[in-house]
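To start, the structure itself, in structure tokens.
So that the names make sense, note that chain A is the first sequence line, chain B the second, and so on, each numbered from 1.
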Number of protein chains: 2
Amino acid sequence: MPIEDKQKPQRNDRVTIRTVATHAGVSVAAVSKVMRNAYGVSDALRAKVTDAIEALAYRPSRAARGLRGRSFTIGVLLIDIRNPFLPEVIAGVNEVLGPSHYQAMIGVSDARVQLETSLIESMIDYKMDGLILVAPRLPSEILAKFAVQIPIVAVGYHDASATAFDTVNADDQRGAEIAVEALLACGYRDIEMLSLGERQGHAVSVVRQREIGFRRAMQRGGLGSSPAIGKIPIASPKREEAMRKFLSRKDRPRAVFCWSDLDAITLLSLAMEMGVRVPEDLAVIGYDNSPTAALGLVNLASIDQSGRELGQVATRALISRIEGRTASEHIFQIPSLVSRNSLTRSGSGTDMKQG
Amino acid sequence: MPIEDKQKPQRNDRVTIRTVATHAGVSVAAVSKVMRNAYGVSDALRAKVTDAIEALAYRPSRAARGLRGRSFTIGVLLIDIRNPFLPEVIAGVNEVLGPSHYQAMIGVSDARVQLETSLIESMIDYKMDGLILVAPRLPSEILAKFAVQIPIVAVGYHDASATAFDTVNADDQRGAEIAVEALLACGYRDIEMLSLGERQGHAVSVVRQREIGFRRAMQRGGLGSSPAIGKIPIASPKREEAMRKFLSRKDRPRAVFCWSDLDAITLLSLAMEMGVRVPEDLAVIGYDNSPTAALGLVNLASIDQSGRELGQVATRALISRIEGRTASEHIFQIPSLVSRNSLTRSGSGTDMKQG
DNA sequence: CGTTATATGGAGAACGTTCTACAACTCGTC
DNA sequence: GACGAGTTGTAGAACGTTCTCCATATAACG
């Protein structure tokens, strides 16, 4: 079949929408229409175009797409890549995105507000179609401002009053309550929480929510109106120092609830080094049910909040918002207890999962 | 009837390069020149423009930049986000990128060749300036084809003959030798390796390189011409089953070298469950020196290959290639041994048996 | 037949940058 | 006062899409 040659020198070897149009003998607009599944395309035209796309192995430029329309990319912002809980969220995101035509690009902010801001801006500048922010540090007003420019779903960010963006959370208050209830059920009364020492107490953060749940459950259990909450710094040398201090305290509590498995596991390790027996001298319960906690060597009881599901739900919410939903959604999941030997010597040592 | 993608992008009065130009009373080209630090800009002009940029909080659109020039973004492709070694690489990348004007965007391929290809293509389509591929699965010819379109540095990919792209590796052969030498130095003679059971043996992969080093060191130590190498599948249920089988073998070796801490740590856990004492009954040495290995509870001897440094070096290599280098570079780092209790009871006196 | 509605395809203006080519202006220098 | 040589700024053509009109062909109807 003769193809009309427009004498247009193809200096670049890249296959563009124009190459496809020429090859199929149709207009650029027609190809674009087929690509976008737009209205007003006959079966014959569609066939011609898809054949040409196939033959030329055409891939639309995301950069050019972003300039005008959608880029079919969603950005995921992680606060920290070393916390083993976060990869689970990514896995969930990818599972939902897999069959769709969207792709995820991940940025890592390392818990620095400055970098977080600039990554969000970059993602907007890339004309990404939506953002999933995992445990962002920015205040709600700032997020709301960004949300005007791009659909946003925040995970691990407790602000159910936000109207500009969606949130997806495990119920961290309830999770902490479950932890305390489990300790109480084992007969422990002298209970403390080891929380995270952040510079500014971020009311929306999962950590603060867990503190609230801890306090409520303790009060409900009749254990004082202001139960003890210790703060462990995030930086490494001071972090272990604080834990050692806790472990060697004379009035060390009988049981401890750690805000995260990360801390609980380090605590377990230090306890072993210092000859503090777990659970005989000190019962420990963590949060996240990370893979390391499940190791027989570690055997850490933990609150499970399925990062995978969180990622899946967040992704679905984001897509629905991209496709036009405007009312904000705030989704909660209920965490559950995974009982292991650090809580009580339970005989077999196999996992016991309870609602 | 066809489904039409409908979207109403909010009309946003974005600050563009044109806004800045008008505000500063200069041309668009002048602003672009200042942005790019190009030649032929007077101090007065520069001052006017930077003031306007500041006043308007102008951010250039990466999408538009990518269409014409550079996007100042580099793509990082991770084979798997759950392996705790990989976050270290990212950390190294971010450290080098931090002070520069480049930013990293990460894609996760989940070890699927199909997804890996499409992510690389996406990153090219985004007009990213360069790619760091961490332990890619694609064959060298394919990578070379991509490398024509975009600068590529492969990490954990042994192909020193590649001319189209750079490689950055720890010397995995040497690492395995060091592991065997350490086991020999402890007096163990009956040594096996537990390697990864991949579908197609990928000669460029770190795993195969470690097998080569293992064989060479064993032969050099006079321990047979074809030492035993077991294969552990990657999928979870079969994986533990294979390890249990190994641990309960009557002719189980006295010492084992695992290709990765991931496997070594699981092995340690199962050994404890099954009553196999480490190191008394079985000495174990891993690879990667991951944070979990360093835990007192785990205390796994391991070969350290500093993922952070690998990330840093790869990033510097990529930037130099983006800035014009054309000859390929193949960089090696020498790994080192971190001795811990899983290798030999070394005096710190920690007990592997929990309780 | 003429008129109108509908279905299909195309022209061409955005989108926000980069960067080449060139204009204008200042200094010397002969 | 003509002529380079150098310096500083600008105009305008890409880049590869999307998407709003608009043109044309066909069908439906009086």
*For Arg308(B), which residues count as a salt bridge (Lys or Arg N to Asp or Glu O under 4.0 Å) partner, sequence neighbours excluded?*
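So Arg308(B) forms a salt bridge (Lys or Arg N to Asp or Glu O under 4.0 Å) with Glu95(B).
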
Can you tell whether the side chains of [X] and [Y] come within less than 4.0 Å, N to carboxylate O?
| X | Y | result |
| --- | --- | --- |
| Arg59(B) | Glu121(A) | yes |
| Asp125(B) | Arg14(A) | yes |
| Glu88(B) | Arg82(A) | yes |

Value in whole Å for how far the [atom2] atom of [N] lies from [atom1] of [X]:
| X | N | atom1 | atom2 | result |
| --- | --- | --- | --- | --- |
| Asn37(B) | dT18(C) | CG | P | 12 Å |
| Tyr126(B) | dT17(D) | OH | C1' | 13 Å |
| Arg70(A) | dC19(D) | CZ | C1' | 14 Å |
| Leu67(B) | dC19(C) | CG | C1' | 13 Å |
| Arg14(B) | dC15(C) | CZ | C1' | 10 Å |
| Ile17(A) | dC15(C) | CD1 | C1' | 15 Å |
| Phe72(A) | dT17(D) | CZ | P | 13 Å |

*I would like to know whether Ser328(A) and Asp166(A) meet side-chain hydrogen bond (donor to acceptor under 3.5 Å, both in side chains); could you show each step before the answer?*
CA-CA 5 Å; Ser328(A) 70; Asp166(A) 303 327; 4.9 Å; no

_Could you check whether any side-chain N or O of Arg65(B) sits under 3.5 Å from a backbone N or O of Ser61(B), counting only pairs where one atom can act as donor and the other as acceptor?_
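No, the answer is negative, given that no donor and acceptor are paired below the 3.5 Å cut-off.
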
_Main-chain N/O of Ala162(A) paired with His330(A) side-chain donor or acceptor, under 3.5 Å_ = yes

With a 4.5 Å limit on heavy-atom distance, are the side chains of [X] and [Y] in contact?
| X | Y | result |
| --- | --- | --- |
| Ile319(B) | Leu97(B) | yes |
| Ile120(A) | Thr117(A) | no |
| Tyr102(A) | Val96(A) | no |

*Derivation and outcome, side-chain contact (heavy atoms from CB on, under 4.5 Å), residues Val155(B) and Thr167(B)*: CA-CA 6 Å; Val155(B) 176; Thr167(B) 63; over 6 Å; no

What nitrogen or oxygen pairs link the protein and nucleotides 5-10 of chain D at under 3.5 Å?
{"from": "dT7(D)", "atom 1": "OP2", "to": "Tyr39(B)", "atom 2": "OH", "distance (Å)": "3.2"}
{"from": "dG9(D)", "atom 1": "OP1", "to": "Ser42(B)", "atom 2": "OG", "distance (Å)": "3.0"}
{"from": "dG9(D)", "atom 1": "OP2", "to": "Ser42(B)", "atom 2": "N", "distance (Å)": "2.9"}
{"from": "dG9(D)", "atom 1": "OP2", "to": "Ser42(B)", "atom 2": "OG", "distance (Å)": "2.9"}
{"from": "dG9(D)", "atom 1": "N7", "to": "Lys33(B)", "atom 2": "NZ", "distance (Å)": "3.1"}
{"from": "dT10(D)", "atom 1": "OP2", "to": "Ser27(B)", "atom 2": "N", "distance (Å)": "3.0"}
{"from": "dT10(D)", "atom 1": "OP2", "to": "Ser27(B)", "atom 2": "OG", "distance (Å)": "2.9"}

*Is any side-chain nitrogen or oxygen of Arg18(B) closer than 4.0 Å to OP1 or OP2 of dG16(C)?*
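Checking Arg18(B) against dG16(C): no side-chain N or O falls below 4.0 Å of OP1 or OP2.
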
_Atom CZ of Arg325(A) with >12 non-hydrogen neighbours under 6.0 angstrom_ =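 More than 12 heavy atoms, drawn from other residues, nucleotides or ligands, come within 6.0 Å of this atom.
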
*Presence of donor-acceptor pair under 3.5 Å, side chain of Arg68(A) and base of dT17(D)*: no

*asked:* Under 4.0 Å, heavy atom to any atom of DNA chain C: which of residues 49-65 of chain B qualify?
replied: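 Correct list: Tyr58(B), Arg59(B), Pro60(B), Ser61(B), Ala64(B), Arg65(B).
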
*Bend angle of the helix from dC1(C)-dG30(D) to dC30(C)-dG1(D) from five-pair axes at both ends, rounded to 10°?*
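Taking five pairs per end, the axes differ by 60°.
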
Dump every N/O contact between nucleotides 26-28 of chain C and the protein below 3.5 Å, one line per pair.
none

*Looking only at side chains, do Thr73(A) and Gln103(A) share a donor and an acceptor under 3.5 Å apart?*
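Thr73(A) vs Gln103(A): no donor-acceptor pair found between side chains.
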
*Please collect all ring-ring contact (aromatic ring centres under 6.0 Å, His included) contacts where either partner lies in residues 37-60 of chain B, sequence neighbours excluded, each pair once.*
none

*For Lys127(A) and for Ser32(B), find the nucleotide of DNA chain C with the closest heavy atom, then tell me which residue's nucleotide is more 5'.*
Lys127(A)

